[in-house]
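Structure record follows, encoded as structure tokens.
Hydrogens, waters and symmetry mates are skipped; everything else that's a heavy atom, side chains included, is used. Letters go in sequence order (proteins before strands), and every chain restarts at 1.
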Amino acid sequence: MPNNRPVRVRFAPSPTGDLHVGNIRTALFDWAYARHTGGTFIFRIEDTDRERVTDEYIAAALDTLRWLGLTWDEGPEVGGLYGPYLQSQRLDIYAEWAQKFLDQGDAYYCYCSAEELEARREAQRAANVAPGYDGKCRSLSEAELADFLSQGRKPVVRMRMPDGETTFTDLIRGEVTFDHNFVPDFVLVRADGSPLYTLAVAVDDVMMKVTHVLRGEDLLSSTPRQIRVYQAMGVALEDYPDFAHLPFVMGQDNAKLSKRNGEVSIAWYRDAGYLPEAICNYLALLGWSPGDDREDVSREEIAQLFTVERVHSSPARFDMKKLEAINGDKIRALDLDDFLNRTLPFLTRSGVIAGTDSEIELVKLALPIIQERIANLAEVPAMLKFLFVSEFSVDPEELPRISDEQSQAVLKSAHQALIGLNEWTHEAIEAALRSALIEGLSLKPRIAFGGVRIAVTGSHISPPLFESMELLGRDKSLARLELAVQS
RNA sequence: GGCCCCGUCGUCUAGCGGCCUAGGACUCUGGCUUCUCAAGCCAGCUACGAGGGUUCGAAUCCCUUCGGGGCUACCA
């Protein structure tokens with residue numbers, strides 16, 4: 001049922017934890033589809049389950065989406081014509097519709113207790129019958145009703161699922177049909193009067209004039225229920241949204257990515273120094289491709305190129321290695337000021353610098369020599385630490401590498417060669433050391449500079465040596481060489 | 001168990017009946033470059049789950065089978 005209404009796409013998470021990779025991939029596709037079509041991107045919070053959704057998680061969700069640059073046109077904090085956009089603020093709307101369904105006979109009160117339902121489900125399972133509500137309360141006698149009422153039972157509102165089947169066209173999977181024998185009557189309103197997802201999602205999509213529902217594959221089999229609510233609402237067929245069920249993003253172990261796991265939470269990636277543009281780029285490639293061989297795509301390009309037709313139908317495994325590779329590419333593409341601004345929080349948080357102007361100046365000078373050496377921003381503090389520590393010492397594990405006789409000789413010679421140097425530039429340092437160690441002692445470069453590197457930076461892995469010494473300064477460099485000789 | 005979805009290199013993917021002795025990217029291996037580590041460059045390994053059809057011709061269409069996943073809540 002393709003429609004020509006102005007495109008309105010919603011991302012509607014239920015923040016029962018930090019948004020994770022799978023959520024964000026869905027958000028990205030929703031956003032991209034809206035932007036690609038010039039439509040409206042709606043952000044809605046599905047918090048009908050207030051037992052599990054918290055205000056902190058909601059706030060974090062807004063923050064995460066904004067950090068990623070997935071700005072919404074309607075939703076929390078920006079408003080819109082069809083608000084409110086928190087389902088917990090739309091309770092009266094759902095109650096009205098539920099009452100209407102009751103009045104129309106589409107829904108009915110069900111007095112079965114949780115225990116009774118569970119017992120009957122067990123029996124169904126044992127009898128190898130499709131489990132699901134058996135329709136007991138569809139038509140209660142006066143006596144039964146009076147009995148339940150006298151027991152003080154509070155009913156749920158249950159939707160009546162007529163005989164037949166539901167067929168709809170999924171934009172990614174094609175035509176899908178569900179026989180109603182396998183779609184039992186479902187609950188719309190809890191006994192305490194609060195609505196369930198199945199009711200709220202359908203009501204909101206209709207009332208917010210959503211034209212395209214791009215969501216996770218796990219909701220595929222709940223679609224007939226959603227369509228049933230549309231019917232009860234009296235929505236015309238051409239006003240149904242189009243559905244597109246996105247394939248899962250799975251973990252390394254081939255299991256569905258789950259919440260409450262540090263490795264899947266987007267907040268974790270932010271803290272680990274991943275760039276939002278890298279996350280978007282990588283996630284865009286999970287289940288979708290631009291159609292050519294390009295893999296380096298900006299958010300704008302994703303929006304420009306994204307079509308549902310190019311979304312895969314099969315699930316994708318999340319691969320940290322590739323994310324990291326893309327993140328490294330994006331870091332290398334940063335201009336100096338941008339790189340500096342993004343790096344500073346990591347340096348101060350880790351305590352490597354306090355944030356003074358002179359420190360920042362030095363960081364700015366040092367960033368170019370480490371930019372192509374890191375894959376995420378969290379690596380920066382460890383790499384630049386040697387420039388800022390007040391009490392310098394060589395990593396104990398590295399000490400054996402410079403304590404043998406030959407190394408000591410090299411260090412002495414290096415100190416000797418540098419002590420009288422006129423200008424302290426990396427060119428001059430290199431020239432002096434090459435002359436003293438390579439030519440003077442006939443050493444291979446890697447042997448000659450290895451010890452000096454450890455003595456000066458504290459580790460056998462470091463940024464380029466001569467530039468590092470220039471940035472460290474003459475006094476500290478020489479002092480560290482002396483220290484290494486004594487030890 | 002039932003219903004539904006899915007199945008190309010280790011991973012993400014290109015492919016929509018002939019251009020495929022299956023292309024790209026990440027990973028991995030080897031090499032070059034080199035003051036370490038990176039980055040960069042070059043080369044290499046490895047895939048159409050299986051079996052039947054349809055067709056002159058199938059990764060591409062159909063069937064079966066096997067495998068994976070989802071749903072089966074007063075969660076979403």
Side-chain angles (χ1 to χ4, degrees), chain A residues 12-16 46-49 51-53 110 112-114 117-118 121 124-133 154-158 170 172-173 176-179 181-184 186-192 194-198 200-201 215-224 245 247-248 250 252 254-256 282 285-296 312-326 328-329 332 370-375 383 430 433-434 437-438 444-450 452-454 457 459-466 468:
Chain A
S14 178
T16 56
E46 313 235 313
D47 57 345
T48 50
D49 185 358
E51 299 271 307
R52 297 167 62 213
V53 177
C110 170
C112 298
S113 70
L117 290 173
E118 185 48 41
R121 260 196 294 272
Q124 286 169 327
R125 246 186 287 272
N128 223 344
V129 187
Y133 190 67
K154 289 266 184 286
V156 300
V157 176
R158 202 178 275 280
D170 184 280
I172 293 170
R173 288 151 217 284
V176 184
T177 299
F178 288 88
D179 189 315
N181 287 323
F182 309 107
V183 187
F186 55 96
V187 177
L188 295 170
V189 181
R190 294 186 180 86
D192 68 3
S194 64
L196 270 93
Y197 167 79
T198 333
V201 72
R215 53 161 29 161
E217 190 188 348
D218 49 337
L219 270 353
L220 183 62
S221 48
S222 86
T223 308
H245 289 92
F248 283 123
M250 298 190 295
Q252 314 284 350
N254 206 22
K256 188 190 167 194
Y282 175 64
L285 266 20
L286 239 40
W288 175 82
S289 75
D292 49 30
D293 282 343
R294 96 178 90 176
E295 300 221 317
D296 178 9
H312 244 254
S313 50
S314 54
R317 235 94 30 199
F318 184 80
D319 181 12
M320 277 266 263
K321 287 271 180 53
K322 183 144 183 174
L323 202 214
E324 185 135 319
I326 289 176
D329 287 341
R332 269 167 245 128
I370 63 164
Q371 188 161 18
E372 68 178 23
R373 298 181 152 69
I374 56 171
M383 283 212 142
E430 177 168 7
L433 288 180
R434 281 191 185 280
L437 306 179
I438 311 290
K444 287 200 179 298
R446 61 182 306 132
I447 306 289
F449 304 135
V452 179
R453 180 187 310 284
I454 293 171
T457 71
S459 166
H460 75 282
I461 297 173
S462 83
L465 180 60
F466 315 119
S468 295

Practice task
Could you tell me whether T177(A) contacts a base, only the sugar-phosphate backbone, or nothing, with contacts defined as non-hydrogen atoms closer than 4.0 Å?
Solution key: sugar-phosphate

Exercise for the section: With heavy atoms under 4.0 Å as the rule, sort G287(A) into base, sugar-phosphate or nothing. Expected result: sugar-phosphate

Problem - Distance test, side-chain N/O of H312(A) to OP1/OP2 of rG7(B), below 4.0 Å - result: no

Exercise for the section: Starting from the 5' end of RNA chain B, give me the residue, E372(A) or A12(A), whose nearest nucleotide shows up first. Expected result: E372(A)

Problem - Gap between atoms CZ and C1', on F449(A) and rC35(B) respectively (whole Å) - result: 5 Å

Practice task
Determine the interatomic distance between P on rG44(B) and the same-named atom on rC61(B); round to the nearest Å.
Solution key: 32 Å

Practice task
Describe the nucleic acid contact of R125(A) in one word from base, sugar-phosphate, nothing, applying a heavy-atom distance below 4.0 Å.
Solution key: nothing

Exercise for the section: Ignoring backbone atoms, establish whether R434(A) has a side-chain N or O less than 4.0 Å from OP1 or OP2 of rC35(B). Expected result: yes

Problem - rA14(B) versus rC3(B) - spacing of their C1' atoms, nearest Å - result: 33 Å

Practice task
May I ask you to decide if P464(A)'s main-chain N or O and S468(A)'s side chain share a donor-acceptor pair within less than 3.5 Å?
Solution key: yes

Practice task
Answer with base, sugar-phosphate or nothing: what part of the nucleic acid does P247(A) contact at a heavy-atom distance below 4.0 Å?
Solution key: nothing

Practice task
Report which part of the nucleic acid R121(A) touches: base, sugar-phosphate, or nothing (heavy-atom distance under 4.0 Å, all strands).
Solution key: sugar-phosphate

Handout entry: rC12(B) to rU33(B) separation - C1' atoms, rounded to the nearest Å
Key = 30 Å

Problem - Carboxylate-amine/guanidinium contact K321(A) E324(A), below 4.0 Å - result: no

Exercise for the section: Pick base, sugar-phosphate or nothing for P445(A), based on heavy-atom distances below 4.0 Å to the nucleic acid. Expected result: sugar-phosphate

Practice task
Please state how far atom CG in L285(A) lies from atom P in rA25(B), giving the value in whole angstrom units.
Solution key: 13 Å

Exercise for the section: Report the nucleotide, chosen from rC5(B), rA76(B), rG40(B), that has the shortest atom-to-atom distance to any side-chain atom of R332(A). Expected result: rG40(B)

Problem - rC16(B) versus rU60(B) - spacing of their P atoms, nearest Å - result: 13 Å

Handout entry: Check: M320(A) main-chain N/O paired with Y282(A) side-chain donor or acceptor under 3.5 Å
Key = no

Handout entry: Separation of the P atoms in rA39(B) and rA25(B), to the nearest angstrom
Key = 15 Å

Sort me out a list of protein N/O and nucleotides 26-32 of chain B N/O pairs below 3.5 Å, or just none if empty.
from: rC26(B); atom 1: O2'; to: K322(A); atom 2: N; distance (Å): 3.4

Exercise for the section: Name the closest nucleotide to the P464(A) side chain, picking from rC6(B), rC35(B), rC74(B). Expected result: rC35(B)

Practice task
Give a yes or no answer on whether the side chain of S222(A) reaches the backbone of L219(A) with a donor-acceptor pair at less than 3.5 Å.
Solution key: yes

Problem - Watson-Crick or G-U wobble partner of rG44(B), both distances under 3.5 Å - result: rC28(B)

Practice task
Looking at every strand, decide which applies to L465(A) at a 4.0 Å heavy-atom threshold: base, sugar-phosphate, or nothing.
Solution key: base

Problem - Closest non-hydrogen atom pair between S462(A) and T457(A), with its separation - result: CB-OG1, 3.5 Å

Fill in the blank from the handout: Under a 3.5 Å limit on both distances, the Watson-Crick or wobble mate of rG7(B) is rC66(B)

Practice task
Give S462(A) one of three labels, base, sugar-phosphate or nothing, depending on what nucleic acid heavy atoms sit under 4.0 Å from its own.
Solution key: base

Practice task
Give a yes or no on whether a donor-acceptor pair under 3.5 Å exists between the nucleobase atoms of rU13(B), that is its base, and the side chain of R317(A).
Solution key: no

Fill in the blank from the handout: The nucleotide from rG69(B), rA76(B), rC74(B) with an atom nearest the side chain of F248(A) is rG69(B)

Handout entry: Inter-nucleotide C1' distance (rG67(B), rG31(B)), Å rounded
Key = 40 Å

Practice task
Describe the nucleic acid contact of I370(A) in one word from base, sugar-phosphate, nothing, applying a heavy-atom distance below 4.0 Å.
Solution key: nothing

Practice task
Evaluate the side-chain proximity of T223(A) to H245(A): yes if any heavy-atom separation is below 4.5 Å, no if none is.
Solution key: yes

Practice task
In whole angstrom, give the distance that lies between atom CG of L220(A) and atom P of rG68(B).
Solution key: 20 Å

Handout entry: Nearest-Å distance for atom pair CZ/C1', residues R158(A) and rC74(B)
Key = 8 Å

Practice task
Please state whether the base of rC37(B) and the side chain of R373(A) form at least one donor-acceptor pair under 3.5 Å?
Solution key: yes

Practice task
Tell me whether the OP1 or OP2 atom of rA14(B) has a side-chain N or O from S289(A) closer than 4.0 Å.
Solution key: yes

Handout entry: Whole-Å gap separating C1' (rG7(B)) and CE (M250(A))
Key = 10 Å

Practice task
Check every strand shown and say whether T457(A) touches a base, only sugar-phosphate, or nothing at a heavy-atom separation below 4.0 Å.
Solution key: nothing

Practice task
Identify whether any heavy atom of F178(A) sits under 4.0 Å from a base atom; if not, whether one sits that close to sugar-phosphate; answer base, sugar-phosphate or nothing.
Solution key: sugar-phosphate

Practice task
Look at the side-chain N and O atoms of S14(A) and state whether any lies under 4.0 Å from the OP1 or OP2 oxygen of rC75(B).
Solution key: no

Exercise for the section: Using the C1' atom on both, measure rG2(B) against rC63(B) and round to a whole Å. Expected result: 22 Å

Exercise for the section: Pick base, sugar-phosphate or nothing for A191(A), based on heavy-atom distances below 4.0 Å to the nucleic acid. Expected result: base

Exercise for the section: Calculate the interatomic distance between R190(A) atom CZ and rA76(B) atom C1'; express it in whole Å. Expected result: 10 Å

Handout entry: Along RNA chain B (nearest heavy atom to each residue), the more 5'-positioned of E217(A) and F182(A)
Key = F182(A)

Completion exercise
With E51(A) as partner, the option from D49(A), T48(A), V53(A) fulfilling side-chain contact (heavy atoms from CB on, under 4.5 Å) is D49(A)

Exercise for the section: Would you mind pulling out the nucleotide paired to rA14(B), Watson-Crick or G-U wobble, both distances under 3.5 Å? Expected result: none

Fill in the blank from the handout: Heavy-atom nearest pair, R453(A) first then H460(A), reads CD-O, 3.2 Å

Practice task
Report yes or no: does S313(A) contribute a side-chain atom to a donor-acceptor pair with the main-chain N or O of I172(A) at less than 3.5 Å?
Solution key: no

Practice task
Measure the distance from CD on Q124(A) to C1' on rC3(B) and round it to the nearest whole Å.
Solution key: 14 Å

Practice task
Return the nearest nucleotide to the side chain of A316(A); candidates are rU13(B), rC6(B), rC75(B).
Solution key: rU13(B)

Practice task
Mind calculating the distance between CZ (F466(A)) and C1' (rU36(B)) to the nearest angstrom?
Solution key: 11 Å

Practice task
Would you mind pulling out the nucleotide paired to rA39(B), Watson-Crick or G-U wobble, both distances under 3.5 Å?
Solution key: none

Exercise for the section: Using a strict 4.0 Å threshold on nitrogen-to-oxygen distance, state whether D192(A) and R190(A) make a salt bridge. Expected result: no

Practice task
Output yes when at least one side-chain N/O atom of R446(A) is less than 4.0 Å from OP1 or OP2 of rU34(B), else no.
Solution key: no

Practice task
Give a yes or no on whether the backbone of P463(A) and the side-chain of R373(A) come within a donor-acceptor separation of less than 3.5 Å.
Solution key: no

Exercise for the section: Look at all strands and tell whether V156(A) reaches a base, only sugar-phosphate, or nothing, counting heavy atoms closer than 4.0 Å. Expected result: base

Practice task
Determine the interatomic distance between C1' on rG40(B) and the same-named atom on rA76(B); round to the nearest Å.
Solution key: 48 Å

Problem - Side-chain (E372(A)) to main-chain (R332(A)) donor-acceptor, under 3.5 angstrom - result: no

